[in-house]
Every structure is written in C-alpha cells, then in structure tokens.
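Since this is a predicted model, take the numbers as computed values, not measurements. We number each residue from 1, following the sequence as shown.
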Amino acid sequence: MANQEIDLNKLTYETLKKIRAYLQRMLDAGGSDLHVKANSVVRARVNGDIIPLSGEILSKEEALTFAKELLRTRFAEFVEKKELDLVYPYDENTRFRVNIFFQMDGVSAVFRTIPVKIQTVEQLGLPPVVHKFTEIERGLILVTGVTGSGKSTTLAALIDELNNKVRKHIITIEDPIEFVHKDRKCIINQRSIGQDSLSFGNALRASLREDPDIILVGEMRDIETIETALHAADTGHLVFSTLHTLDAKETVNRVIAMFPSEEQNRVRLTLAAVLQGIISQRLVPTVDGKRTAAMEVLVRTARIEQLIMENRDAEIRDAIEEGKEIYGCQTFDQSLLDLWLAKRISTEEAFNYATLPSDLKLKMEGLAAMARVKRDASAEGGTTSTQPQFGEDEVFSLKG
C-alpha cells in the first residue's frame, strides 16, 4: 500500500507539470476529458472518441507521484477511500472536475472540462419550451442522459436564467460543484458533498429548513434523496435534478422502480402530481466533425399526468410526439428529424441515435417525396422551390 505520509517539501511537481501540458493539448484539440492511467499512455476524449495524446507511457511510480502532487494534504484521504472527487483549477479561465482512483495497475484519473462561462438556453440550442421551466413556481424538473451528455451544462443555463430574472433563494447540492454562480437577482448557496455536507440526503433535508425557493440536486442517487425531492416539490419548491436515463419514459420508470413494490403506487401518484418536465439529451456527431445535442422534452399536460397515474408509461412517447405543435414538447426522433432537415447530422447518424429508426426512416422518405413532388411542380411552372432539397443518396438509397 502506498505510503500515506508525504513530505510536501520533497515534491517537485514535475509530474503534475507534465499532466498540465497534456491538459493544454487536450483543450487545444477541443477535447472534453483527459484520461491518466498508470502503465499506459495519456489519452483524451475528442468529439466522443478516446485518442492517445502521445506514445509516452506513464509509469506506476509516476502516476503515484502525480497523485501526491495533485492531492497534497488530501493524499492520505485518497489512500483511505480509494477514490476522490475534486475540482482542479487549471487557470483563471479553466477548471476541471476530477475523479482519481486506484485500479489494478496503480493510480488513474479522469479530468472533465468545466466551462467557466455559463451558456444561455439559446447558445446551447435548447428548444424554446425549456424557457417555460424557469417560469414554474413549484414542481420537479429532471435533466437526464448518459454521462457526458451535457446535463450539468443544461442545468447551469436554467439556474443562470432564473438568477437573472427572479428574486429567489436557490440552493444547489452538488458532488462536486461544477459551475459557479454569482448572486444577481437571486441569492445562491452552493454546497459540495463531502466538503459542505456529508450526503445528498442530509443536505436536501437540511435545505427544507433554509428557506429555499429553488433546489438543485446534482443527482438523485437513492430512495432517500428521491423521496425528499418529491416531498420538496410537493410542498411548494421548484426542484431540479438529474438521472442517468435514456428518455422520458425510462425516467418515469426508474424513479418509481427505485421503491419497493408496495410503495410504488404511492410514488407514482406523487410523481404524477409534481412532475413538470423532463429534458433528455443525447450528443450526436455532426457533419462537420463536432457534436450537437438531440433532445427529448416532456412537458406536463393533463394527458401526461393521467398516463403516469394510470401506469400507462408506454404511451408517454406518443403523447410527447402528438403535443409538439401545441405544447412545444418533442421526442428524440422529432429532434433528430429537425437536425437532419437542417443538414446538421447525416442520415446514418440520425438512424444510429433514433429511438425508433424504422419510423424515422418513413418520416424522412415521406418528407423527401413531398419535396420532390413540389420541386417537380415548381419546375413545370417555371418557379424555384424553396423547400429543402434532398438527394437520392440521402434517403431513397436506404430503402433496401
């Protein structure tokens, strides 16, 4: 076992300096995550792919030294707990969320870029209906998706919008704190698990005695946290949180399934009463080699509430799809179709990320056929069509 006692005066910080150079190289490449692993090369996630940044192997001893130089006085805690979360300030404009941990070959760490500048709903390209989630007085709003899909970025945009337009008390409970919010119209207290509170459950229970209007819970990880969040939403607070679920239907199922079977009907009724919206995100490769977010957005309606109450979760997707024109909600496939129409993503990627690829294909073929008919009609009349132009190779070659 690694020696827990370290002499700070003997640290040269040369290994940390080397890792900082890799961090800069990753930032220059537009990457999001740096992976440091003992007995391996340093790699970065760029546009969704893990790529090596050099051929140099980081030895087991170097990785351990790096851990000491990064953690310093927290190294003994790392040895005891075997993993730690922290925020690493690279410079005044760049911060990283870090998870450092032991694995079979030694020490590994993952650095996730935290943008200092909080982007707006418009800058993120979120659907306009998302603005309505900042106008609600009470209830539960969930942002879901796999790790790295941009949930924290979306939540930060929502909190920032609230901070600029209402006079409320906002409490955030995070592990760790990523985006730092300054008091504007709101007073914002940000609490980090481990540093400012022992657990999400403790912090959330305490928050109800701290006169909050809005509570952000970084993640609903257990029954206690979910139960307290539902109670907070039911007693007049606006609660934001995240789950690692793929879409709105699975999110509803996951919340309810966390509870014992004898409790599920009660939880279902409570969730139906307090749920105001779900934003589910998937990052999709674009035609220019970058990534963009496809989003499913559930907006509370009388029908959605009824479907949840009556355990008809399988019908939620259809209800979202049918409500796009009236309520502004949308399914993943509708979002992908819009991105495809704007020629931001390819047909292949649209199918790869679709919930129902066969249905999406039919919609694409129908739109392409309609555009072709209008184009032919315009040509016969001597006018130019303004409809989207679809090539034969974009859709019709996929029929077989």
Side-chain angles (χ1 to χ4, degrees), residues 129-130 132-145 151 154-155 158-159 162 168-174 197 199-280 296-320 323 327 329:
V129 71
V130 170
K132 294 183 179 180
F133 294 152
T134 64
E135 299 169 0
I136 296 168
E137 290 293 324
R138 58 176 289 273
L140 177 66
I141 295 167
L142 298 173
V143 180
T144 82
K151 299 186 294 296
T154 296
L155 281 174
L158 292 170
I159 295 299
L162 285 161
K168 304 284 188 180
H169 177 203
I170 300 174
I171 296 176
T172 77
I173 304 166
E174 304 169 73
S197 183
S199 69
F200 278 107
N202 286 350
L204 185 51
R205 283 196 310 275
S207 72
L208 299 180
R209 301 188 295 273
E210 294 160 359
D211 188 35
D213 300 291
I214 299 157
I215 306 169
L216 184 152
V217 185
E219 185 180 345
M220 297 206 299
R221 296 179 177 177
D222 51 49
I223 290 179
E224 180 187 16
T225 303
I226 295 173
E227 183 81 79
T228 310
L230 291 173
H231 174 70
D234 195 36
T235 54
H237 304 87
L238 180 59
V239 180
F240 293 91
S241 192
T242 71
L243 282 171
H244 293 283
T245 50
L246 295 178
D247 56 27
K249 179 176 74 69
E250 184 188 337
T251 301
V252 171
N253 290 336
R254 177 73 60 82
V255 171
I256 295 167
M258 288 282 288
F259 291 81
S261 56
E262 64 271 15
E263 292 287 318
Q264 290 181 5
N265 188 56
R266 174 186 64 81
V267 173
R268 180 175 288 280
L269 295 176
T270 302
L271 182 62
V274 303
L275 184 65
Q276 294 288 350
I278 300 173
I279 304 169
S280 298
E296 180 165 286
V297 183
L298 176 149
V299 177
R300 176 188 178 83
T301 65
R303 185 182 176 195
I304 291 292
E305 181 179 2
Q306 182 180 22
L307 292 177
I308 296 174
M309 288 177 62
E310 297 178 359
N311 195 10
R312 295 160 59 191
D313 301 342
E315 300 174 47
I316 288 176
R317 183 184 175 278
D318 291 339
I320 296 172
Y327 303 108
C329 49

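Of the possible donor and acceptor atoms, one in the side chain of Ser241 sits under 3.5 Å from a partner among the backbone N and O of Val217. Put simply, the side chain of Lys151 gets close to the backbone of Gly145: a donor and an acceptor are under 3.5 Å apart. The backbone N or O of Ala272 lies less than 3.5 Å from a partner atom in the side chain of Arg300, making a donor-acceptor pair.
The salt bridge (charged side-chain N to carboxylate O under 4.0 Å, His left out) test applied to Glu250 returns Arg254, not counting sequence neighbours. Considering only residues two or more places apart in sequence or on other chains, Asp222 meets the side-chain hydrogen bond (donor to acceptor under 3.5 Å, both in side chains) condition with Thr225. With sequence neighbours left out, Glu227 forms a side-chain hydrogen bond (donor to acceptor under 3.5 Å, both in side chains) with Arg266. Residues passing the side chain to side chain contact (heavy atoms under 4.5 Å, CB included) test with Arg303 are Thr301, Leu307, Glu315, Ala319, Glu322, sequence neighbours excluded. By the side-chain hydrogen bond (donor to acceptor under 3.5 Å, both in side chains) test, Asn311 pairs with Arg268, sequence neighbours left out. Thr134 meets the side-chain hydrogen bond (donor to acceptor under 3.5 Å, both in side chains) test with Glu161, Lys165; sequence neighbours excluded. Under the salt bridge (charged side-chain N to carboxylate O under 4.0 Å, His left out) criterion, Lys168 pairs with Glu137, not counting sequence neighbours. With sequence neighbours excluded, the residues satisfying side chain to side chain contact (heavy atoms under 4.5 Å, CB included) with Ala206 are Arg191, Arg209, Glu210.
Note that NZ of Lys249 and CG of Asp318 are 11.0 Å apart. Values are rounded to the nearest 0.5 Å. Here Leu269 contributes atom CG and Glu310 contributes atom CD; the two are 10.5 Å apart, rounded to the nearest 0.5 Å. For the atom pair Ile214 CD1 and Arg138 CZ, the distance stands at 14.0 Å (nearest 0.5 Å). Here the CG atom belonging to Leu246 is positioned 11.5 Å from the CG atom belonging to Asn253, to the nearest 0.5 angstrom. For the atom pair Ser199 OG and Ile173 CD1, the distance stands at 9.5 Å (nearest 0.5 Å). Taking SG of Cys329 as the start and CD1 of Ile279 as the end, the distance is 12.5 Å to the nearest 0.5 Å.
When all heavy atoms are compared, the tightest approach of Thr242 to Gly218 is OG1-O, 2.6 Å. In terms of heavy atoms, Ile308 sits closest to Asp313 at CA-OD1, 4.1 Å. Among all heavy-atom pairs drawn from Leu204 and Ala229, the shortest one is CD2-N, 3.6 Å. The minimum heavy-atom distance linking Ile136 with Lys132 is given by the pair CG1-O, 3.4 Å. In terms of heavy atoms, Leu238 sits closest to Phe133 at CD2-O, 4.1 Å. Across Ala248 and Ser280, no two heavy atoms sit closer than the pair N-OG, 3.6 Å.
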Under the side-chain contact (heavy atoms from CB on, under 4.5 Å) rule, what do Leu298 and Leu275 come out as? Steps first, then yes or no, please. CA-CA 10 Å; Leu298 176 149; Leu275 184 65; 4.3 Å; yes
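Between Val255 and Thr245, every side-chain heavy-atom pair lies at or beyond the 4.5 Å cut-off. Residues Val252 and Ile278 meet the side-chain proximity criterion, which asks for heavy atoms closer than 4.5 Å. Using a 4.5 Å heavy-atom cutoff, the side chains of Leu208 and Thr228 are in contact. Residues Ile223 and Pro260 have side chains in contact (heavy-atom distance under 4.5 Å, counting atoms from C-beta outward). For the pair Leu142 and Met220, the minimum side-chain heavy-atom distance is below 4.5 Å. Within the 4.5 Å cutoff, no side-chain heavy atoms of Val143 are placed close to those of Phe240.
Residue pairs meeting the salt bridge (charged side-chain N to carboxylate O under 4.0 Å, His left out) criterion with at least one partner in residues 270-279, sequence neighbours excluded, do not occur; the list is empty. Here side chain to side chain donor-acceptor pair (under 3.5 Å) pairs that include residues 229-239, with residues two or more places apart or in two chains, are Thr235-His237. Among residue pairs with one or both ends in residues 238-248, none qualify as salt bridge (charged side-chain N to carboxylate O under 4.0 Å, His left out); sequence neighbours excluded. Within the structure, the side chain to side chain donor-acceptor pair (under 3.5 Å) test picks out no pair touching residues 270-279 (sequence neighbours left out).
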